[in-house]
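Notes for the one structure printed next.
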Number of protein chains: 2
Amino acid sequence: MEDRHRSGCPINLTLEVLGDRWSLIVIRDIMFGNRRHYRELLGRSHERIASNILSDRLKRLMDAGLLTRRDDPSHQQKAIYSLTEAAIQLLPLLVHMGAWGRRHRPVTPELAIRARLLEEGGPPLWEAFMDELRSLHLGAPVKGPSVLAGLQAAYEKVAAEQGIPTL
Amino acid sequence: MEDRHRSGCPINLTLEVLGDRWSLIVIRDIMFGNRRHYRELLGRSHERIASNILSDRLKRLMDAGLLTRRDDPSHQQKAIYSLTEAAIQLLPLLVHMGAWGRRHRPVTPELAIRARLLEEGGPPLWEAFMDELRSLHLGAPVKGPSVLAGLQAAYEKVAAEQGIPTL
DNA sequence: CAATCCGATTGCGTATTGCAATCAGTTGCC
DNA sequence: GGCAACTGATTGCAATACGCAATCGGATTG
């Protein structure tokens, strides 16, 4: 991206990569929504990212070493985007953002269910989730039950109880 | 700021407040640099924020309930900016950002000293620091020795050993 | 062979950013 | 008193980024 940095401060350097309104949304959708294709990222979020912005962010995140792109073997023209280890290690950051937002912003309760569960699970749950992400994105061996599926099931349970349409 | 949100997702709502290149830099400088005046924030950082951007960010952060502004009793035209409880609770997020940047970005070693100490200190140190911030910014009673001074001393010690100019 | 889906790209108007200069009022100093 | 320095900003302007809609060439599906 840039060779010239504003400063070598760790927080500043992190903001140079993630300090905009879309980069972390894209990573969130890949990480928690398991969205691996361009069209999935484009259409299925509440936030409705524009296609040119998505394209630009995918490029930037690849340049920054947070995403990789490979061809989908099942479809000649599909691409699969995967998280790198660096991106997987953003999980605690995203959990903290969710936790802070839950406390200090006007969140929609059903959209905060996953954030609450991840917060309550604490570092042990995060580690299990990160291991699962490594198996999904880096081809690492599967180590345990699916945290992702567990979060989704918990969400659907609460959603069903409250008559909320599943995303 | 905006009444219309892109979505009620906790991560998205957090990004609507903090998802730009300067907001967290301002909070970082107030929090870790104890910079409470406009001119201090304007001039003493490595990143050199422009005065109009700083002015705009201070306004937005006040609107978002992360900062308060009051008159400086010692100087008729000076203002003192303080963190709110919501902003103080961003500390773990900032520590995680620093930790991630330290591992995955080309940080300047001496600028990473505080980040390393806060990371190593873990939640107990963060709690102590947050208590100190509450006494500095919210007028809460002082509870223990100054974490801020400790970080600064540790930084100056390493800096002196390596002949690095103190900020 | 037509409709649909694929990952983008283009055009265009608006909003945000970066940079430098400037402002009016206050303070410190001699 | 007088003046330089300092206070928290504001203004003007150019460059960049964003948001939105339309579109693209190629591949797949029915």
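Every chain is numbered from 1 and lettered A, B, ... according to where its sequence line falls, protein lines coming before strand lines.
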Among dT28(D), dG25(C), dA21(D), the nucleotide that comes nearest once only the side chain of Q77(B) is considered: dG25(C)
Grab the two heavy atoms, one from [X] and one from [Y], that are nearest each other, plus how far apart they are.
X       : Y       : result
A154(A) : L117(A) : CB-CD1, 3.4 Å
F32(A)  : L148(A) : O-CD1, 3.3 Å
R36(B)  : L136(B) : NH1-O, 3.5 Å

Integer-rounded Å distance: [N] [atom2] and [X] [atom1]:
X      : N       : atom1 : atom2 : value
K59(A) : dG7(C)  : NZ    : C1'   : 11 Å
N52(A) : dG11(C) : CG    : C1'   : 10 Å
M62(A) : dG7(C)  : CE    : P     : 12 Å
Y38(A) : dC5(C)  : OH    : P     : 16 Å
D20(A) : dC18(D) : CG    : C1'   : 11 Å
E40(A) : dG7(C)  : CD    : C1'   : 13 Å
R60(B) : dT17(C) : CZ    : C1'   : 11 Å
L54(A) : dC6(C)  : CG    : P     : 13 Å

Touch class at under 4.0 angstrom, heavy-atom based, for R48(A) against every strand present: nothing
Whether W126(B) and H96(A) hold their rings parallel, tilted or perpendicular, with breakpoints at 30° and 60°: perpendicular
Between [X] and [N], does any side-chain N or O lie under 4.0 Å from OP1 or OP2?
X      : N       : answer
Q76(B) : dG25(C) : no
S55(A) : dT9(C)  : yes
R21(B) : dT16(C) : no
W22(B) : dT16(C) : no

R57(A) vs R69(B), nearer the 5' end of DNA chain D by closest nucleotide: R69(B)
Closest-nucleotide ordering on DNA chain D, the 5'-leading residue of H75(A) and S51(A): S51(A)
Side-chain ion pair, R57(B) and D20(B), N-O less than 4.0 Å: yes
